[in-house]
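Report on one structure; see the data block that follows.
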Amino acid sequence: MKRTHYCGELTIKNKGENVLLNGWVQRSRDLGNLYFIQLRDREGIVQLVIDPERCNEQTMQLFSDIKREYVLEVKGEVVPRNENINPDMKTGEIEVLVDDIKILNKAKLPPFHIEDNLNVSENLRLKYRYLDLRRPFMNKIMRTRYKLIDTIRNFMRGKEFIEIETPFLIKSTPEGARDFVVPSRMHQGKFYALPQSPQLFKQLLMVSGFDKYFQIARCFRDEDARADRQTDFTQLDLEMSFVEQDDVLTLTEQLFKVLFKEMKGIDIKTPFDRLTYDQSMDMYGSDKPERRYGMTLTDLTEIFKDCGFKVFSSAASGGGVVRAIVLKGKAEECTRKKITEYEEIAKKNGAKGLAWLRFTEGEINGGIAKFIKDKEDALKETLSLEDGDVVFFGADEREKASNALGAVRVHLIREFELIEDKDFFDMVWITDYPLFEKDEETGSYIAKHHLFSMPTSDTIQYLEKEPEKVYGILYDLVINGSEIASGSIRVHNPELQKKIMKTIGMDDEEIDQKFGFLLDAFEYGAPPHGGIAPGIDRLLMIMEGMDNLKDVIAFPKTNNQMCLLTGAPDELSSEQLEEIGIDIVKSEK
RNA sequence: GGGCCCGUGGUGUAGCCUGGUUAACACGUCGGCCUGUCACGCCGAAGAUCGCGAGUUCGAAUCUCGUCGGGUCCGCCA
C-alpha cells in the first residue's frame with residue numbers, strides 16, 4: 001500500500017505535503033491546457049490539478065485517456081486554493097497539484113452516475129449494485145449499518161452476553177413461515193431447511209446453561225417480500241434464562257436508549273409506553289399502532305344498539321361493535337371520490353363497507369347521516385364533533401371493525417400528512433397477544449405467533465376448552481407504526497409444550513417427529529427463559545428515515561426473490577441434479 | 001394466487017387517451033476549441049425497429065390479447 005492519505009481526508013492542514021492518492025475519477029474538466037480531475041475514494045472527493053507548468057508532457061498526454069470511474073494512482077502536492085476555494089466541497093480549501101498519474105485500471109462507462117442525487121430505476125441499481133454501493137450515500141448507509149451492529153455488540157458485551165453461532169442447515173419444523181429447503185447429497189430424498197430464526201437453538205442454549213446468549217443472525221423465510229420485508233434478513237437474536245417479561249423489556253429499552261444516543265444523538269424516553277394487544281386494537285385498530293397522530297377509534301356500540309340503521313344496530317346488538325374515527329377539519333378535501341378510495345381500503349382489510357358522514361354547519365350530513373339523525377346529539381358529544389369533521393364508521397365483529405378502521409386511519413394519516421414531527425421516534429410495547437387464532441377456513445386453531453410462548457398465568461386455564469381466550473407472555477416493540485422487535489417468555493415445561501402443540505392439532509407422533517429433540521431437552525432441567533429479536537434491517541431503515549429495506553442491505557433481492565446482480569436463483573446442471581438425486585418436474589399450467 | 005402502476009437512445013422522461021411522413025427533450029457519450037474550472041463553457045456529431053410475441057389495420061410506440069421483467073399493496077409472513 002503506497003497510499004498516504006484518503007482523498008476526502010485532506011484539509012488545509014496538509015498544505016505542502018507530498019501525497020499519494022488512490023481513487024476513482026468522479027469527473028474531469030478540460031480547460032484547454034489546464035485540466036481538473038475530481039478523485040473519489042471512500043472518504044470523499046478531492047480536486048486534482050494538472051498544470052503544464054508542473055507536469056511533464058507525458059502526464060499531460062495521459063489526461064486525454066482518463067475517463068469517468070478510471071482507477072488512478074496520483075502523486076502530487078497539497079496546495080491551498082487561495083481565491084478559488086469551493087465552499088461546497090469538504091476538501092474545497094485545497095487541491096492536489098499533480099506530479100505524476102498512473103492509470104491502475106480502466107472503466108467502462110457506467111450505466112449511471114456515481115453520485116447521490118441520481119434518478120435511476122431500482123432495477124438498474126440492483127443489477128449494478130457494486131456501482132450503486134460506490135455512491136457516497138450508499139457507502140455511508142453500509143457504514144452506519146456496521147456502526148449499529150458494532151454498538152449492539154458492545155452493549156451486549158457490557159451486559160455479559162455471549163455470542164454463539166447456530167447452524168444454517170437445520171431441520172424443517174412447522175413454525176409459521178415457509179422454509180427454504182436445501183437438498184442433501186449425502187442423504188438423498190432428505191432435506192435441510194434454512195432457519196426462519198435461531199429460535200429452537202437459542203432455547204437449547206438456555207438448557208445448556210449459557211444464561212445470556214445473543215447472535216447477529218441471518219433469517220430466511222420463503223414468503224413474498226414487501227418494501228419492509230426481505231427474503232433473508234438480519235436479527236439481533238437474544239435469549240436469557242431465569243427472567244420475566246420485565247427483565248427482557250428493560251434490557252431492550254436500555255439497548256435502544258444506547259443505540260439511539262450513539263447513532264442519532266437522540267435521548268429517547270424510558271420506560272417505553274405499554275399497551276396490551278387488545279388495547280392497541282381497540283384504540284388504533286392495529287397491533288403496530290402509528291401513535292404520532294391521534295385519531296383513535298371511539299366505541300359507539302352502546303349508542304347504536306337501538307338505532308334505526310340496521311347495519312349498525314345489528315352489529316351492536318349481535319355481539320359486534322360500532323366504532324368510528326374522526327378526520328378533523330377535512331370535510332372539503334374529503335371528496336366522494338376519495339371516500340370511495342377509503343372504502344376500498346376498508347374492504348381490503350375485511351370490512352363490508354365504510355359508512356361515513358360529514359359534520360358541517362352544526363349538523364351531520366352526507367353518507368349515512370339521514371339514517372342516524374336520532375343519534376346526532378350523542379354522536380356530537382361523544383366524538384366532540386366540530387365543523388369540517390368527517391367521521392368514518394366500522395360496524396362488525398370487534399376485530400374486523402377495528403382492523404378495517406385501523407387501515408383507513410393509517411391511510412388518512414399518510415395522505416393528509418398529519419404527522420408533524422417527522423424526527424420524533426415513538427416507541428411502544430405491545431404485550432399480551434392472543435396465543436391462538438381460529439383458522440376461518442378449517443375452523444381449527446393455529447398459533448398466532450409461534451409455538452413456544454408461555455401462556456399468561458390467568459388465561460392458561462382456557463388452554464384445553466377455549467384456546468382463543470389464552471393470551472401469551474408475548475411482546476412486540478413498535479416504533480413509528482412499524483414492528484421492530486418481537487419476543488416472548490418461552491415454555492420450558494415439556495408437558496405444557498406438548499399441550500400447546502396438541503391445541504393446534506398436532507398428534508403425539510407428529511410432535512415427537514418434529515420436536516422430540518426439544519421436548520427431550522426440556523426433560524433435562526430446562527431453565528425458565530425468554531428473549532426477543534429486534535430486526536436490524538428495519539431498525540436501521542427507521543433510524544435513517546428510509547422507506548425501503550433494500551436501501552439498507554448491501555445485496556438485496558427483488559420482491560420476486562431474485563438477485564438481479566448474480567441471476568440467482570438459477571437452474572442446476574443435470575450432473576448436479578443427479579448428484580443430489582433430484583428430478584425436475586415441470587408443472588403444467 | 002390476486003389488484004393497481006411502470007417498461008421508449010447509455011440514463012431519466014415526453015409522445016400513447018384521439019393510430020399517419022425525419023419518435024421529442026434533458027443529462028450523458030464522442031469530436032473540435034478554450035489556462036482556474038468545480039453541474040465548466042462554446043461549436044458540432046453519433047446514438048432508440050418504443051421489453052418480447054401475436055392480432056386488428058392500408059398503416060401500430062400508440063388499439064386488443066398474451067407473455068416477460070420491475071415496483072407497490074392484499075393474501076402469505078412476525
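Basis for what follows: all heavy atoms, side chains included, without hydrogens, waters or symmetry-related copies. Convention: sequence-line order gives letters A, B, ...; per-chain numbering from 1. This is a predicted model, so every value here is computed, not measured.
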C1' spacing across the pair B:C30 / B:G1, given as an integer number of angstrom: 50 Å
Find the partner of B:G28: check Watson-Crick (N1-N3 plus N6-O4 or O6-N4) and G-U wobble (N1-O2, O6-N3) distances, both under 3.5 Å, and reply none if neither fits. none
Under-3.5 Å N/O pairs linking protein and nucleotides 40-42 of chain B:
residue, atom, partner, partner atom, Å
B:C40, OP1, A:R27, NE, 3.2
B:C40, OP2, A:R27, NE, 3.1
B:C40, OP2, A:R29, NH1, 2.2
B:C40, N4, A:D30, O, 2.4

Which heavy atom in A:N480 sits nearest to a heavy atom in A:D426, and how many Å separate them? OD1-N, 2.8 Å
In whole Å, what separates the P atom of B:G51 from that of B:A23? 16 Å
Mind checking ring pair (Phe, Tyr, Trp, His ring centres under 6.0 Å) for A:F63 and listing every partner two or more places apart, or none if nothing turns up? A:Y35
Using the six-membered ring wherever Trp is involved, compare the ring planes of A:F452 and A:H450 and label them parallel, tilted or perpendicular (cut-offs 30° and 60°). tilted
Side chain to side chain donor-acceptor pair (under 3.5 Å) contacts in which one or both residues fall within residues 531-547 of chain A, not counting sequence neighbours: A:R145-A:D537
For a quick check under 3.5 Å, do A:R27 and A:Q38 share a side-chain donor-acceptor pair by atom type? no
Euclidean distance for C1', B:C76 against B:G2 (whole angstrom): 12 Å
Taking ring pair (Phe, Tyr, Trp, His ring centres under 6.0 Å) as the test, write out the residues that go with A:Y213, two or more places apart. none
Under 3.5 Å, is there a donor-acceptor pair between the A:Q47 and A:N86 side chains? no
Can A:D432 and A:Y475 be counted as having a side-chain donor-acceptor contact under 3.5 angstrom? no
Contacts satisfying side chain to side chain donor-acceptor pair (under 3.5 Å) that involve residues 53-63 of chain A (not counting sequence neighbours) are A:R54-A:E77, A:R54-A:D99, A:N56-A:T59
Under a 3.5 Å cut-off for both contacts, is B:C38 paired Watson-Crick or G-U wobble with anything, and if yes, with which nucleotide? none
Along nucleotides 6-13 of chain B, 5' to 3', which nucleotides get a B, which get an S, and which get a -, given that the test is a protein heavy-atom distance under 4.0 Å? ----SSS-
Could you tell me whether A:H113 contacts a base, only the sugar-phosphate backbone, or nothing, with contacts defined as non-hydrogen atoms closer than 4.0 Å? sugar-phosphate
Contact list for RNA chain B against residues 87-95 of chain A - heavy-atom distance below 4.0 Å: A:M89, A:E95
Can you tell me the pairing partner of B:C4 across any strand shown, Watson-Crick or G-U wobble, with both distances under 3.5 angstrom? B:G71
Atom pair distance, as rounded to whole Å: CG in A:L39 and P in B:U37: 21 Å
Taking the P atom of each, how far is B:C52 from B:U11, in whole Å? 14 Å
Measure CG/A:N86 against C1'/B:A39 and give the value in whole Å, please. 11 Å
If I take atom CD1 in residue A:I50 and atom P in nucleotide B:C34, what distance separates them, rounded to the nearest angstrom? 17 Å
Scan side-chain atoms only and decide if A:K448 and A:Y471 contain a donor-acceptor pair under the 3.5 Å cut-off. no
Take atom CG of A:D51 and atom P of B:U35, then tell me their distance rounded to the nearest Å. 11 Å
Among pairs that include at least one residue of residues 406-416 of chain A, which meet salt bridge (Lys or Arg N to Asp or Glu O under 4.0 Å), considering only residues two or more places apart or in two chains? A:K338-A:E415
Between the side chains of A:R68 and A:H113, does any donor sit under 3.5 Å from an acceptor? yes
Integer angstrom distance from the P of B:G71 to that of B:U8: 15 Å
Partner nucleotide, any strand, of B:A54 [Watson-Crick/G-U, under 3.5 Å]: B:U64
Provide the distance between the two P atoms, one in B:G44 and one in B:C27, to the nearest whole Å. 14 Å
Quick one: what's the B/S/- string for nucleotides 71-78 of chain B, heavy-atom cutoff under 4.0 Å, read 5' to 3'? SBSBBBBB
Pick the P atom in B:G9 and in B:A61, then give their distance to the nearest Å. 14 Å
Nearest-nucleotide 5' precedence on RNA chain B, A:K67 against A:L34: A:K67
I need the CD1-P distance between A:I345 and B:G3, as an integer number of Å. 18 Å
Residues that A:D179 engages under side-chain hydrogen bond (donor to acceptor under 3.5 Å, both in side chains), provided they are two or more places apart: A:S172, A:Q196
On a whole-Å scale, what distance lies between the C1' atoms belonging to B:G15 and B:A48? 14 Å
Whole-Å distance, A:K127 NZ to B:G51 P, equals 16 Å
Kindly write out the residues that satisfy ring pair (Phe, Tyr, Trp, His ring centres under 6.0 Å) with A:F191, not counting sequence neighbours, or none if the list is empty. none
Using the test salt bridge (charged side-chain N to carboxylate O under 4.0 Å, His left out), find all partners of A:E95 that sit at least two apart in sequence or belong to another chain. A:R81
Does a donor on one side chain sit under 3.5 Å from an acceptor on the other, for A:E341 and A:H411? yes
Nearest-Å distance for atom pair CD1/C1', residues A:I114 and B:G28: 13 Å
Rounded distance in Å - CE (A:M60) to P (B:U35): 10 Å
